[in-house]
A.B. asks: 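Structure below; questions to follow.
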Amino acid sequence: AAVSACEKSGQWDQALRLLVEMASARVELDTITYNAAVSACEKCEQWAEALMLLVEMASARVELNTITYSAAVSTCAKGGQWDHALRLLVEMAAA
């Protein structure tokens, strides 16, 4: 809920800090929590951070779903990172 509140208010940096704090407290991060953080990055056009979150999700074996990919593609597109956006679309189609 806290990460979603950060997303809604466009506080991507606070959303990322919360993820770190949650992980440090050994709270299991799930797809919904990560999606809120990726969406917070999308709202503020922080494409590099959004891509970092996708890597973290894969490393932690957290499922990337359509919402995850859509937010990340949108973030990359807003940031003019078309190569990354296209790569994510291909990855999403293969998943």
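Every value quoted in this text rests on a predicted model; they were computed, and no experiment measured them.
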A.B. asks: More than 12 heavy atoms of other residues, nucleotides or ligands under 6.0 Å from CG of Leu89: is that the case?
C.D. replies: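 More than 12 heavy atoms, drawn from other residues, nucleotides or ligands, come within 6.0 Å of this atom.
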
A.B. asks: In Å and rounded to the nearest 0.5 Å, what is the CE to CG distance from Met92 to Asn65?
C.D. replies: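 It is 10.5 Å, given to the nearest 0.5 Å.
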
A.B. asks: Is the shortest side-chain N to carboxylate O distance from Asp13 to Arg17 below 4.0 Å?
C.D. replies: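 Salt bridge between Asp13 and Arg17, a charged N being under 4.0 Å from a carboxylate O: yes.
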
A.B. asks: Just verifying a value: how many Å separate Arg87 CZ and Gln81 CD, rounded to the nearest 0.5 Å?
C.D. replies: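 Separation between the atoms: 11.0 Å.
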
A.B. asks: Check whether any side-chain N or O of Gln11 sits under 3.5 Å from a backbone N or O of Ser9 as a donor-acceptor pair, and report yes or no.
C.D. replies: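 Flag not set: sc Gln11 to bb Ser9 has no pair under 3.5 Å.
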
A.B. asks: Is a side-chain donor or acceptor of Thr31 paired with a backbone partner of Glu63 at a separation under 3.5 angstrom?
C.D. replies: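 Confirmed, Thr31 side chain pairs with Glu63 backbone.
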
A.B. asks: Kindly give the heavy-atom pair with the smallest separation between Val3 and Ala15, and that separation in Å.
C.D. replies: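 Nearest heavy atoms, Val3 then Ala15: CG1-CB, 4.1 Å.
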
A.B. asks: Around Ile32, counting heavy atoms of other residues, nucleotides and ligands shown, do more than 12 lie under 6.0 Å from its CD1?
C.D. replies: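 Check fails, neighbour count at 12 or below.
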
A.B. asks: To the nearest 0.5 Å, what is the distance between CG (Leu29) and CE (Met57)?
C.D. replies: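 One gets 9.5 Å once the value is rounded to the nearest 0.5 Å.
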
A.B. asks: Please round to the nearest 0.5 Å and tell me the distance separating atom OG1 of Thr66 and atom CG of Asn35.
C.D. replies: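 The OG1 atom of Thr66 sits 9.5 Å away from the CG atom of Asn35.
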
A.B. asks: Identify the heavy atoms of Cys44 and Trp12 that sit nearest to each other, and give their distance.
C.D. replies: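 Closest approach of Cys44 to Trp12: CB-CD1, 3.3 Å.
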
A.B. asks: Regarding Ser74 and Glu42, do their side chains bring together a donor and an acceptor under 3.5 Å, going by distance alone?
C.D. replies: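 Judged by distance alone, the side chains do pair up.
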
A.B. asks: State the CZ-OG distance between Arg26 and Ser24, to the nearest 0.5 angstrom.
C.D. replies: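 Answer rounded to 0.5 Å: 9.0 Å.
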
A.B. asks: How many angstroms lie between atom CD of Glu49 and atom CD of Gln46, to the nearest 0.5 angstrom?
C.D. replies: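 Rounded to the nearest 0.5 Å, the CD-CD separation comes out at 4.5 Å.
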
A.B. asks: Do Val38 and Leu86 land in one hydrophobic cluster if side-chain heavy atoms of ILVMFWY residues count as linked below 4.5 Å?
C.D. replies: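 The answer is yes; both residues are in one hydrophobic cluster.
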
A.B. asks: Which pair of heavy atoms, one from His84 and one from Cys76, lies closest together, and at what distance?
C.D. replies: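 Scanning both residues, the minimum pair turns out to be CB-SG, 3.7 Å.
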
A.B. asks: Work out which heavy atom in Lys43 is nearest to a heavy atom in Glu7; give both atom names and the distance.
C.D. replies: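 Minimum heavy-atom contact is CD-O, 3.3 Å.
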
A.B. asks: How about Glu21 and Leu18: do any of their side-chain heavy atoms sit closer than 4.5 Å?
C.D. replies: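 Glu21 vs Leu18: side chains touch.
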
A.B. asks: Which atom names give the shortest non-hydrogen contact between Ala58 and Leu64, and what distance separates them?
C.D. replies: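 The answer is N-CD1, 4.1 Å.
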
